[in-house]
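This report refers to the structure that appears directly beneath it.
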Amino acid sequence: MIVKKRVAMNKMPVEKRIRSFDEVALGLTEEQAVEEAKRCLQCKHRPCVEGCPVGVDVPAFIRKVAERDFLAAYKIVKEKNAIPAITGRVCPQEVQCEGRCTLARVGEPIAIGALERFVADWAIKEGVVEEEAEEALAKRPSRGSVRIAVVGSGPAGITAAADLARLGYEVTLFEALHKPGGVLMYGIPEFRLPKRIVEIELNYLRALGVDVQVDVVIGRTYTVKELLEDGYRAVFIGTGAGMPRFLNVPGENLANIYTANEFLTRVNLMRAYLFPKYDTPIKVGKRVAVIGGGNVAMDASRTALRLKAEEVYVIYRRSEEEMPARRDEVLNAKEEGVKFMLLTQPVRFLGDKDGKLAAIECIRMQLGEPDASGRRRPIPVKGSEFVFEVDTAIIAIGCHPNPLIARTTPEIKVNEEGCIVVDEHCRTSMRGVYAAGDIILGEATVIEAMGTARTASMAIRRDIVEGRI
Amino acid sequence: MPKLFEILEKRELAPRIKELKIYNPRIAAKVKAGQFLIIRVSEEGERIPLTAVDWDRREGTVTIVFQEVGVSTYKLGKLEVGDALADMVGPLGNPSEIDTFGTVVCVGGGVGVAAIYPIARELKRAGNKVISIIGVRSRDLIYRAMEVSDEVRVTTDDGSKGRRGFVSDELRDLLVSGLKVDRVVTVGPAIMMKVCADVTRPYGVKTIASLNPIMVCGIGVCGACRVEVAGKTRFACFEGPEFDAHQVNFDELLKRLKAYRAEEQMALKLYLEGGGR
């Protein structure tokens with residue numbers, strides 16, 4: 001019998017969650033997970049697997065959950081996905097695996113993300129994460145001592161490092177910041193992805209024998225060329241898209257205007273929400289404007305609320321329909337009290353005599369014909385300018401690829417947007433150097449980064465085995 | 001063998017100005033004049049950018065000089081030989097442009113006197129005539145400037161060492177005297193670099209400033225260090241820290257530097273009341 005409605009995940013009540021950085025989504029209980037897993041039709045053509053950039057065998061793991069064999073379920077997921085506790089939380093499943101689910105034609109798709117998270121959290125709780133790593137280590141083929149450098153420890157780097165370690169290579173993972181995890185650590189807030197979870201998933205890499213080195217900036221501390229000369233057979237670049245975009249309007253450098261990256265880095269990586277116990281400060285004030293309509297804008301606005309801002313506005317130039325953020329994240333933000341100022345675009349920032357932000361001058365927009373992105377183009381409404389007083393502004397309109405490696409490695413070709421150019425196997429223009437994730441894609445999702453990283457690690461193995469590098 | 005980030009030597013150069021020699025072979029092997037490092041004192045610590053003042057590639061050490069002005073630098077000053085920093089990453093930023101320019105005046109103020117030392121040294125090595133103008137009382141720092149300069153001029157605001165006045169006064173006199181100056185490099189408080197830029201502008205002397213904005217990541221991700229140069233927003237961390245001083249919007253930089261004044265004072269007060277540990 002087809003059960004059309006999915007089992008809903010429990011969430012922390014709104015009044016409680018806006019006062020804390022604790023995780024909002026509480027996960028499924030065992031009973032809920034089993035009940036949800038039983039809804040799966042186990043259909044033959046398995047569209048969900050195709051919808052997953054790393055190819056997790058979704059029906060197989062769900063069947064194991066339904067049978068209450070959670071360990072087996074975990075092992076099936078882990079085979080293709082090194083960080084299920086993370087992807088289970090942050091993947092946009094609605095446009096990937098769940099978006100393809102056969103059940104979606106008649107009702108709600110299987111909650112694949114929630115089940116993945118359940119399985120991964122179960123493994124953490126039962127303490128089998130490192131056990132699984134040891135098994136993988138025991139099974140892995142011996143490849144002598146072929147060393148591979150992985151640059152950047154975000155989703156792409158983690159996936160490549162795990163793949164390559166399991167294939168039997170000696171992997172060194174380099175991170176420029178003082179904690180590994182990349183955007184998982186500095187970008188995504190604690191209430192959506194607890195840092196403890198990121199650390200556990202990274203410990204899995206260490207258990208696989210990956211040497212994780214923080215405080216090393218490739219391009220500065222060592223160059224890519226030096227890594228190759230030092231004996232690394234291949235270099236994988238997964239440095240991401242982290243260089244913030246600006247509106248390029250007057251007054252953008254006033255004090256108390258943050259990029260989302262700075263705001264979130266101060267809070268997530270530097271723990272500014274615990275200032276002065278932690279030394280890094282942050283400014284919020286009473287009224288905060290977050291500019292942008294993506295997931296990062298939702299993260300920033302919900303973070304500002306938790307830092308005790310009285311009013312938080314998301315200013316977005318199109319309507320809610322065109323917002324790139326996940327529906328769930330918009331809903332969470334709304335539930336928590338974030339206000340949306342839609343069809344509105346800042347034209348300049350106004351400061352006080354000390355050079356601090358005082359207000360934003362905005363203009364109203366209306367929607368015209370669809371543009372290249374397929375979304376209706378926003379057009380300014382003449383004479384609709386108005387001044388909106390704020391204490392803090394956070395610019396969350398996206399990022400460019402990180403430029404450091406390209407600038408210090410002329411052999412690596414980049415395109416006009418600054419993305420590293422690769423062939424279909426993720427090989428760059430420099431022999432022995434591969435790239436994946438946002439550094440080749442521009443801005444994409446965690447799982448898309450992981451999918452390309454998988455392509456790159458397979459190419460590295462093939463090129464080594466076949467003697468090309 | 002020392003451990004990574006271990007403090008091997010510590011000296012007090014002047015009241016509240018301290019020097020640490022730190023073990024970090026991977027930075028020591030690579031660092032060049034004009035580059036900086038980011039350190040963290042502890043797990044709760046801020047990321048603090050500091051210029052690499054000196055290094056020994058053979059022994060794998062890097063030297064930093066800092067002034068105790070806020071909680072983070074106070075905590076740094078409390079560390080002793082044998083202690084280790086939580087983190088030290090680098091070298092960051094672009095090296096100074098070193099070439100044979102002719103006569104170069106190096107203007108340093110405060111801890112900038114230490115920061116300008118490696119730049120003066122490399123300029124001297126490249127065959128320039130180096131005149132250093134430094135605003136400092138520390139005998140160590142004056143001595144060090146003398147090692148790498150053809151001429152050293154000292155100023156202090158109370159006249160206790162050298163001339164009474166500002167480094168910019170000395171710089172102005174030098175230019176007024178008609179000496180042909182081919183380049184000026186200035187490292188120090190933003191207000192000092194701004195005044196130096198104003199002094200050299202009418203003379204059309206190329207002037208370089210090593211900027212010291214608030215910084216968090218140091219690798220081009222956060223944009224905390226953005227400065228306006230020639231009307232464009234630039235990131236001091238990976239496009240700087242040195243820029244053409246005549247093109248820098250110093251007024252904006254000065255305002256951005258004050259962004260956390262209230263928080264810094266509050267934290268320092270709490271820290272000192274708590275016994276300053």
Side-chain angles (χ1 to χ4, degrees), chain A residues 175-179 182-183 186-187 213-217 219-223 226 239-246 248 252-266 269-272 274-283 351 353-356 395 399-400 402-404 407, chain B residues 4-5 24 26-27 29-31 35 38 40-48 70-72 75 86-94 214 216-228 233 235 238-239 249 251-264 266-268 270-271:
Chain A
E175 168 56 46
L177 292 169
H178 57 268
K179 285 216 167 23
V183 73
Y186 74 74
Q213 293 211 16
V214 296
D215 291 326
V216 179
V217 185
R220 297 279 193 212
T221 316
Y222 310 119
T223 62
E226 283 167 339
T239 45
M243 192 173 73
R245 290 175 195 269
F246 289 95
N248 295 314
E252 207 161 11
N253 293 347
L254 288 165
N256 300 344
I257 300 179
Y258 291 98
T259 67
N261 274 0
E262 181 187 353
F263 189 78
L264 293 170
T265 299
R266 283 179 182 270
L269 179 71
M270 308 309 296
R271 312 244 151 182
L274 299 172
F275 178 83
K277 185 172 175 274
Y278 281 68
D279 294 334
T280 304
I282 192 150
K283 287 268 198 190
K353 59 176 181 5
D354 300 322
K356 292 199 165 74
I395 300 167
C399 286
H400 301 282
N402 284 327
L404 203 52
R407 282 188 190 208
Chain B
L4 203 57
F5 315 143
N24 192 331
R26 61 195 185 199
I27 293 179
K30 234 13 204 306
V31 62
Q35 290 187 299
I38 284 185
R40 281 200 327 142
V41 177
S42 65
E43 265 319 294
E44 295 79 30
E46 281 184 280
R47 293 173 67 87
I48 318 168
V71 171
S72 293
K75 285 182 180 171
D87 296 280
M88 182 188 219
V89 60
L92 300 170
N94 299 301
I214 290 174
V216 182
C217 76
I219 51 171
V221 166
C222 78
C225 69
R226 64 192 191 271
V227 289
E228 187 186 296
T233 293
F235 285 13
F238 82 95
E239 299 179 282
N249 183 344
D251 291 334
E252 180 187 278
L253 174 63
L254 283 160
K255 285 170 182 165
R256 285 184 65 82
L257 282 166
K258 287 188 196 136
Y260 296 97
R261 192 55 57 85
E263 286 77 7
E264 285 158 2
M266 184 267 273
L268 184 60
L270 278 175
Y271 173 75

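In the text below, chain A, chain B and the rest are named by the order of the sequence lines, each starting its count at 1. Source: prediction; values computed, not measured.
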Exercise. What part of Leu274(A) lies closer than 4.5 angstrom to a heavy atom of chain B: side chain, backbone, both or neither?
Worked result: neither
Problem set entry | chain A contact via Ile214(B) - side chain, backbone, both or neither, heavy atoms under 4.5 Å | side chain
For this session: Over all heavy atoms of both residues, which pair between Leu270(B) and Pro276(A) is shortest? Give the atoms and the distance, please.
Result: CD1-CG, 3.6 Å
Problem set entry | Candidate pair Arg407(A) and Glu239(B), rule side chain to side chain contact (heavy atoms under 4.5 Å, CB included), full reasoning | CA-CA 10 Å; Arg407(A) 282 188 190 208; Glu239(B) 299 179 282; 4.0 Å; yes
Exercise. Yes or no on side chain to side chain contact (heavy atoms under 4.5 Å, CB included) for Arg220(A) and Val89(B), after CA distance, side-chain angles and deciding distance?
Worked result: CA-CA 10 Å; Arg220(A) 297 279 193 212; Val89(B) 60; over 6 Å; no
Problem set entry | Side chain, backbone, both or neither of Lys179(A) within contact of chain B (heavy atoms, under 4.5 Å) | side chain
Exercise. Which atom names give the shortest non-hydrogen contact between Lys258(B) and Lys356(A), and what distance separates them?
Worked result: O-NZ, 4.2 Å
Exercise. Relative to chain A, which of Val227(B), Asn249(B), Ile219(B) shows the most heavy atom pairs under 4.5 Å?
Worked result: Ile219(B)
For this session: Select one option (side chain, backbone, both, neither) describing which atoms of Asn24(B) are under 4.5 Å from chain A's heavy atoms.
Result: neither
Seminar exercise, completed: In short, Glu46(B) meets Pro281(A) closest at the heavy-atom pair OE2-CD, 3.9 Å
Problem set entry | For chain A, the option from Glu228(B), Glu264(B), Glu43(B) that forms the most heavy-atom pairs under 4.5 Å | Glu43(B)
Problem set entry | Segment of Glu263(B) engaging chain A (4.5 angstrom heavy-atom cut-off) | both
For this session: For Leu254(A) and Arg256(B), work out which heavy atoms get closest and say how close.
Result: O-NH1, 3.4 Å
Seminar exercise, completed: Honestly, the part of Met266(B) sitting under 4.5 Å from a heavy atom of chain A is side chain
Exercise. When you look at Val216(B) and Met270(A), which way does the side chain to side chain contact (heavy atoms under 4.5 Å, CB included) test go after all the steps?
Worked result: CA-CA 9 Å; Val216(B) 182; Met270(A) 308 309 296; 4.2 Å; yes
Problem set entry | Side chain, backbone, both or neither of Thr223(A) within contact of chain B (heavy atoms, under 4.5 Å) | both
Exercise. What orientation do Phe235(B) and Phe246(A) show, parallel under 30°, tilted 30 to 60°, or perpendicular over 60°?
Worked result: perpendicular
Exercise. Under the side chain to side chain contact (heavy atoms under 4.5 Å, CB included) criterion, do Arg26(B) and Asp215(A) qualify, and how do the steps go?
Worked result: CA-CA 10 Å; Arg26(B) 61 195 185 199; Asp215(A) 291 326; 3.7 Å; yes
For this session: Compare every heavy atom of Arg226(B) with every heavy atom of Ile257(A), then report the nearest pair and how far apart it is.
Result: O-NH2, 3.1 Å
Seminar exercise, completed: For Val221(B) and Pro244(A) the tightest heavy-atom approach is O-CD, 3.0 Å
